[in-house]
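Below you'll find the structure, written out as structure tokens, and then a few comments.
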Amino acid sequence: MKKKILSAILCATMVIGMLAGCGSKPAAEADKSTSDDTKTESTKGIAKEDIKVGFVHVSDASDMGYTYNHDLGTKEMQEAIGLSDDQIVNKFNVPEGAECDTALRELVDAGCNIIFATSFGFEDYVKEVAAEYPDIQFCHATGYQAKDSGLDNMHNYFASIYEARYLAGIAAGMKTESNKLGYVAAFPFAEVISGYTAFYLGAKSVNPDVTMDIMYTNSWNDPTVESQVAKALIERGCDVISQHSDSTAPATTAEENGAFQVGYNNDMIEAAPKASLVSARIDWGIYVTEAVQNLIDGKEIPVDWCKGLADGAVYLSPLNTDIAAEGTQEAIDKASDALKSGELYVFAGPLKGTSPDGETIEVADGDHYPEQEEASAPSWSYIIEGCNVVE
């Protein structure tokens with residue numbers, strides 16, 4: 001097994017630009033880290049009435065999760081800039097395959113000046129089509145290839161959702177009675193592993209005895225499988241479950257089986273009022289509005305964009321005080337203030353982990369892993385003690 005010490009990682013980060021983003025820094029520092037990837041030259045703008053904005057989504061807003069939340073960002077942008085409905089073109093329920101290529105080209109043919117592709121598996125298709133249409137801007141969420149693509153019109157964006165997941169983990173850690181959490185995870189990718197590790201570390205910060213079982217669905221959005229996995233975790237003794245999956249199925253399954261749940265992308269209290277504690281969310285409208293407005297103003301769009309808790313780009317839905325443990329909101333508020341000020345880092349040492357391919361990492365006491373401090377895509381992909389991946 002290969003082993004990396006944090007100092008080596010930091011050196012590698014500086015030399016080859018390894019993935020990280022704008023995590024737990026104060027807002028001023030976060031702005032500095034993203035500005036390095038922003039070109040300063042101005043180009044000719046596009047009149048607002050001539051703008052057409054395209055979106056490619058892996059599901060649709062009925063998932064009440066990821067695509068629903070991203071579509072809220074579209075609507076936020078539309079209202080802020082003042083675009084008409086016919087200036088927005090959505091391609092919903094596009095698989096992460098050749099169908100994405102088709103959808104992107106259809107948006108080009110529809111006259112879109114800027115196109116947002118919102119799922120991880122779309123990136124290779126975005127890169128290929130962007131190379132063919134240099135006058136159209138392509139923005140891809142959750143990816144990492146824009147910086148080294150050599151394309152002036154390809155951009156990556158994400159938010160440091162791990163900060164909100166850490167806070168949500170506090171609610172779970174204070175609520176559990178079995179000291180066993182469960183996590184419905186989509187894929188064994190860094191984006192997912194980073195999120196559930198942060199969630200677990202938040203829970204452990206208030207409950208040192210807690211452990212967590214993780215099961216993968218191998219899909220971003222499959223309510224049937226999500227429900228099956230949630231039920232399996234509950235049957236293993238997990239009394240609070242969370243998720244990196246798109247639907248409300250884990251929430252409703254938790255309620256049906258007498259467990260509690262922490263959501264993602266949407267306030268799930270309405271779907272499961274007796275189970276849903278809180279949800280970690282991203283305000284996609286901040287980025288989408290900035291990117292479209294920059295195009296109108298003739299300003300360059302950042303190559304790699306990431307903001308977090310201090311900027312309001314990630315946040316928690318209102319806590320379900322009817323079922324949350326006493327003192328939960330106070331504990332969340334205290335940790336939130338520490339994250340915003342830079343006093344607290346989520347991936348702080350001492351911390352050890354092993355990736356799915358056997359690579360190990362050790363973060364020394366007093367140091368922290370620089371998650372999302374140099375690029376928008378998450379890069380923490382290590383399983384730590386207390387997190388158990390089960391079949």
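The shown structure was predicted, so the numbers you read here are calculated from the model rather than taken from an experiment.
A centroid separation of 6.0 Å or more is found between the aromatic rings of Trp220 and Tyr66. Aromatic ring centroids of Phe120 and Phe187 lie 6.0 Å or more apart. Residues Trp284 and Tyr157 place their aromatic rings such that the two centres sit under 6.0 Å apart.
When each of Asn93, Thr67, Thr118, Asp63 is paired with His57, the side chain to side chain donor-acceptor pair (under 3.5 Å) condition holds for Thr118 and for no other. Tested against Tyr196, the residues Tyr382, Tyr166, Tyr183 include a single ring pair (Phe, Tyr, Trp, His ring centres under 6.0 Å) partner, Tyr183.
Side-chain N or O atoms of His368 include none that pairs as donor or acceptor with a backbone N or O of Tyr345 at under 3.5 Å.
Following chains of ILVMFWY side-chain contacts shorter than 4.5 Å, one can reach Val346 starting from Ile384, so the two form part of one hydrophobic cluster.
Neither side chain, Ser160 nor Glu371, offers a donor N or O lying under 3.5 Å from an acceptor on the other. Remark: the Asp222 side chain and the Thr217 side chain contain no N/O donor-acceptor pair separated by less than 3.5 Å.
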Run Asp213 and Arg236 through salt bridge (charged side-chain N to carboxylate O under 4.0 Å, His left out) and show every step you take. CA-CA 9 Å; Asp213 286 353; Arg236 290 177 61 86; 2.9 Å; yes

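Interatomic distance, Phe122 CZ to Cys100 SG, rounded to the nearest 0.5 Å: 5.0 Å. If you take CD on Gln261 and CD1 on Ile323, they are separated by 9.0 Å, rounding to the nearest 0.5 Å.
In this structure the side chain of Phe347 reaches within 4.5 angstrom of the side chain of Tyr162, judged on heavy atoms. Using a 4.5 Å cut-off on side-chain heavy atoms (C-beta onward), Glu191 and Trp380 make no contact.
Residue Glu132 places its CD atom among more than 12 non-hydrogen atoms of other residues, nucleotides or ligands, all under 6.0 Å distant.
A cation-pi geometry, defined here as NZ or CZ lying under 6.0 Å from the six-membered ring centre and within 45° of its normal, holds between Arg165 and Tyr264.
Taking both residues in full, the closest heavy atoms of Leu309 and Ser336 are given as CD2-OG, 3.6 Å, listed atom of the first, atom of the second, then distance.
Every residue was checked against the side-chain hydrogen bond (donor to acceptor under 3.5 Å, both in side chains) condition with Lys175, not counting sequence neighbours, and none meets it.
Salt bridge status for Arg105 with Asp109: absent, with no side-chain N to carboxylate O gap under 4.0 Å.
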